[in-house]
Amino acid sequence: MFYPCPHCQFLVAYHPQSRPLPAACPRCGRPLEDEPGSGEEMGMDPATAAAAGAAPVEADIAASSPADDTAQRFTAAAENAGAAAPAALAAAVAPRRGAARWQWPLIALLALLLVVQVLLADRARLAADARWRPVVAMLCGVFQCELPPWHEPAAFTMLDRQVRPAAQPGALRVDASFRNDARWAQAWPALQLALSDADGRVLGSRVFLPAEYLGAAPDTLLSPGQSAQITFMVQEPAPGTVAFSFEFR
């Protein structure tokens, strides 16, 4: 049986024989009235007393159950967490997607700049390679850098050459014309002249620099297909010079 506390309406369980009604309410601690009688002693008929007692019991049990309140709080918290989880996940993923869009183009740009820097730093060596020179020349056209002149002695073609005695005794006059057949402009070449006798023995050999056979250092290059003619004097190393040869350096 249950007896409602007159102060907090808490239902106190009791049994007339085995479990007497306590003196104070377990919830609020206030004194309880004497053990209640039947509905007839309280001035109510049995049906009314049963209805009045049953309704508060059910309501108070439902209202005062701590387990139900705890379950409801956990359920509400779980629902709120479940609703917030997708939003938090979307908020965390969105910046990563945005960063991924510009991250790869930035890496590609940095790699390209690194390649350009390496090419420009090593342009002197790469410019001597016919495969790389066009690329390096294009980069230098953009970044306003200078390339060393192309050097390909084998691309010079001798058009005419002649060595004959000069008016001065023991001197020889050298006349030669040649052409630059390379793909790019070249600096004036060094010219090696070898003199031989009738038996093929080399009497003398020397390499003449452009400033020596031109009389002054040239300030221009020989363009592709451009021809040049030179004349200079040499000292005959020994009498009996009958043959000569030229080689570009």
Side-chain angles (χ1 to χ4, degrees), residues 108-168 170-238 240-249:
L109 178 60
L110 293 177
L112 179 61
L113 291 178
L114 178 61
V115 171
V116 171
Q117 185 177 5
V118 171
L119 292 177
L120 293 178
D122 202 21
R123 65 181 182 274
R125 183 182 65 84
L126 295 176
D129 191 330
R131 297 170 298 177
W132 284 99
R133 189 175 181 87
V135 177
V136 180
M138 179 184 66
L139 291 177
C140 281
V142 175
F143 294 99
Q144 301 297 318
C145 58
E146 294 184 0
L147 284 180
W150 181 250
H151 183 69
E152 187 180 1
F156 286 107
T157 301
M158 183 66 73
L159 303 177
D160 188 22
R161 58 188 182 274
Q162 187 176 8
V163 178
R164 59 178 183 270
Q168 298 86 354
L172 299 174
R173 173 175 172 164
V174 179
D175 297 301
S177 61
F178 53 88
R179 182 181 64 239
N180 176 26
D181 291 333
R183 295 171 55 187
W184 299 282
Q186 293 199 79
W188 289 74
L191 186 62
Q192 183 177 2
L193 174 62
L195 302 175
S196 305
D197 59 10
D199 297 330
R201 292 176 298 181
V202 177
L203 301 177
S205 178
R206 181 185 170 185
V207 176
F208 295 89
L209 299 178
E212 294 176 317
Y213 62 73
L214 292 176
D219 55 0
T220 59
L221 302 177
L222 291 174
S223 302
Q226 180 180 353
S227 299
Q229 185 172 358
I230 59 175
T231 298
F232 59 98
M233 307 293 292
V234 297
Q235 187 70 31
E236 187 176 12
T241 300
V242 296
F244 57 88
S245 63
F246 289 92
E247 185 175 352
F248 296 103
R249 297 286 184 176

Exercise: identify the closest heavy-atom pair between [X] and [Y]:
{"X": "Leu221", "Y": "Gln226", "value": "O-OE1, 3.7 Å"}
{"X": "Arg179", "Y": "Asp181", "value": "NE-OD1, 2.6 Å"}
{"X": "Pro237", "Y": "Thr241", "value": "CD-OG1, 4.4 Å"}
{"X": "Pro224", "Y": "Arg183", "value": "CG-O, 3.5 Å"}
{"X": "His151", "Y": "Arg249", "value": "CE1-O, 3.8 Å"}
{"X": "Ser205", "Y": "Gln192", "value": "OG-NE2, 3.1 Å"}

Is any side-chain heavy atom of [X] closer than 4.5 Å to a side-chain heavy atom of [Y]?
{"X": "Met233", "Y": "Gln168", "answer": "yes"}
{"X": "Asp160", "Y": "Asp175", "answer": "no"}
{"X": "Phe143", "Y": "Val116", "answer": "yes"}
{"X": "Cys145", "Y": "Val136", "answer": "no"}
{"X": "Phe232", "Y": "Leu191", "answer": "yes"}
{"X": "Phe248", "Y": "Met158", "answer": "yes"}
{"X": "Leu195", "Y": "Leu172", "answer": "yes"}

Out of curiosity, [X] [atom1] to [Y] [atom2], how far, rounded to the nearest 0.5 Å?
{"X": "Gln162", "Y": "Phe244", "atom1": "CD", "atom2": "CZ", "value": "7.0 Å"}
{"X": "Leu114", "Y": "Leu109", "atom1": "CG", "atom2": "CG", "value": "11.5 Å"}
{"X": "Leu222", "Y": "Ser227", "atom1": "CG", "atom2": "OG", "value": "9.0 Å"}
{"X": "Ser177", "Y": "Ile230", "atom1": "OG", "atom2": "CD1", "value": "9.0 Å"}

Are any side-chain N or O atoms of [X] and backbone N or O atoms of [Y], one a donor and one an acceptor, separated by less than 3.5 Å?
{"X": "Asn180", "Y": "Ser223", "answer": "yes"}
{"X": "Asp199", "Y": "Arg201", "answer": "no"}
{"X": "Gln186", "Y": "Glu152", "answer": "yes"}

Flag yes if more than 12 heavy atoms outside Arg164 fall under 6.0 Å of its CZ atom; otherwise flag no.
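Enclosed: over 12 neighbouring heavy atoms sit under 6.0 Å from CZ of Arg164.
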Does Arg161 have more than 12 heavy atoms from other residues, nucleotides or ligands lying within 6.0 Å of its CZ?
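Not buried by this count: 12 neighbours or fewer within 6.0 Å.
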Relative to the ring of Phe156, is the ring of Phe178 parallel (under 30°), tilted (30 to 60°) or perpendicular (over 60°)?
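Ring orientation of Phe178 relative to Phe156: perpendicular.
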Is the Trp188 ring parallel, tilted or perpendicular to the Tyr213 ring (thresholds 30°, 60°)?
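Because their plane-to-plane angle lies in the 30° to 60° range, the rings of Trp188 and Tyr213 count as tilted.
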Please determine whether side-chain contact (heavy atoms from CB on, under 4.5 Å) holds for the pair Phe208 and Val174, giving the CA-CA distance in whole Å, both sets of side-chain angles, and the decisive distance to 0.1 Å.
CA-CA 12 Å; Phe208 295 89; Val174 179; over 6 Å; no
